[in-house]
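Here the structure comes first, spelled out in C-alpha cells, and everything after it is commentary.
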Amino acid sequence: MRLWTVVLEISVLMAQFRPRKSRSSPIDYRTLGLGFANIGGLLMAAGISYDSREGRAIAGAISAVMTGVSYATSAEMAGELGPFPEYAANKDAMLRVMRNHRRAAHGEAAGYEGLSTPPVPLDLMAVTNKELAFAAQRAWDDAVSLGEASATATPSPP
C-alpha cells in the first residue's frame, strides 16, 4: 500500500490531472484510487461465505489496513513535501475523519465525531486472524498520529 500510494501520487502530480468540469482535482486533495480485487477468491479459498459475519469482517479489516496505510503514507509525504493544497481549509475535517476511521478499526460503537449516522465498526471478534485485526488497528493508529504530526510540521527543504 505504501508503494502504490507513492506511485499514484507521482502519477497524479506528473499528469497534473484536472477534470474539465470540476474546479478541484486529485492534486488539490491528494485523492487516490486505491482498491482491491478478488476478495471473493480469498474468501472462497479459505472456505468462508461472502455474506458471513467472518467474511464481512475480513473484508472490513483488509479495507482498514489498506486505507489506514495509505493515509499514513500520505501524511509521511506531507511531512516531506507539505500537505495537499486544500489541506489547510480542510484540516479539522480531515483529522476528524481519520479519528472516526480509527474508532471503527478499533471496533468502537460510540464516540464518533460529527456523524448523524454512526458507521458499522470492525467486528474484531469475527476476524479469526488476529494479526489482521491488529494490523487494521495499527494502520489507523499510525495514520492518525502521523496525520496530526504532519498537520503542524514544516516541510523539509528540497
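We count residues from 1, following the sequence as given. Just so you know, these numbers come straight off a predicted model, no measurement behind them. Computed from heavy atoms alone, side chains included, the values below leave out hydrogens, waters and symmetry copies.
In the hydrophobic cluster analysis, where Ile, Leu, Val, Met, Phe, Trp and Tyr join through side-chain heavy atoms closer than 4.5 angstrom, L146 is grouped apart from F134. Both M66 and I58 are members of a single hydrophobic cluster when ILVMFWY side chains are connected at heavy-atom separations under 4.5 Å. I39 and L132 end up in the same hydrophobic cluster when Ile, Leu, Val, Met, Phe, Trp and Tyr side chains are linked at under 4.5 Å. Clustering ILVMFWY residues whenever any of their side-chain heavy atoms sit less than 4.5 angstrom apart, transitively, puts L43 in a cluster other than the one holding M125.
The backbone N or O of A93 lies less than 3.5 Å from no partner atom in the side chain of N90, so there is not a single donor-acceptor pair. Side-chain atoms of S74 never come within 3.5 Å of backbone atoms of S70 as a donor-acceptor pair (strictly under, hydrogens ignored). In this structure, the side chain of S52 engages the main chain of S49 through a donor-acceptor pair within 3.5 Å.
Scored by the salt bridge (charged side-chain N to carboxylate O under 4.0 Å, His left out) test, R53 finds D123 as partners (sequence neighbours excluded). Residues satisfying the ring pair (Phe, Tyr, Trp, His ring centres under 6.0 Å) criterion with H106, sequence neighbours excluded, are absent altogether.
Across A143 and G68, no two heavy atoms sit closer than the pair CB-O, 3.5 Å. Taking all atoms of both residues into account, the shortest heavy-atom contact from V65 to A135 is CG2-C, 3.7 Å.
Residues L124 and Q137 have side chains in contact (heavy-atom distance under 4.5 Å, counting atoms from C-beta outward). Side chains of D142 and V69 form no contact here, defined as non-hydrogen atoms less than 4.5 Å apart.
Each salt bridge (charged side-chain N to carboxylate O under 4.0 Å, His left out) pair with one or both residues in residues 37-51, not counting sequence neighbours, appears once here: D51-R56.
Salt-bridge check for R102 with E108: failed, with every basic side-chain N at 4.0 Å or more from each acidic carboxylate O.
Ring orientation note: the planes of H101 and W140 are close to parallel, at an angle under 30° on the 30°/60° scale.
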task = Go through the steps for L95 and V144 under the test side-chain contact (heavy atoms from CB on, under 4.5 Å), then give the verdict.
result = CA-CA 7 Å; L95 293 173; V144 171; over 6 Å; no
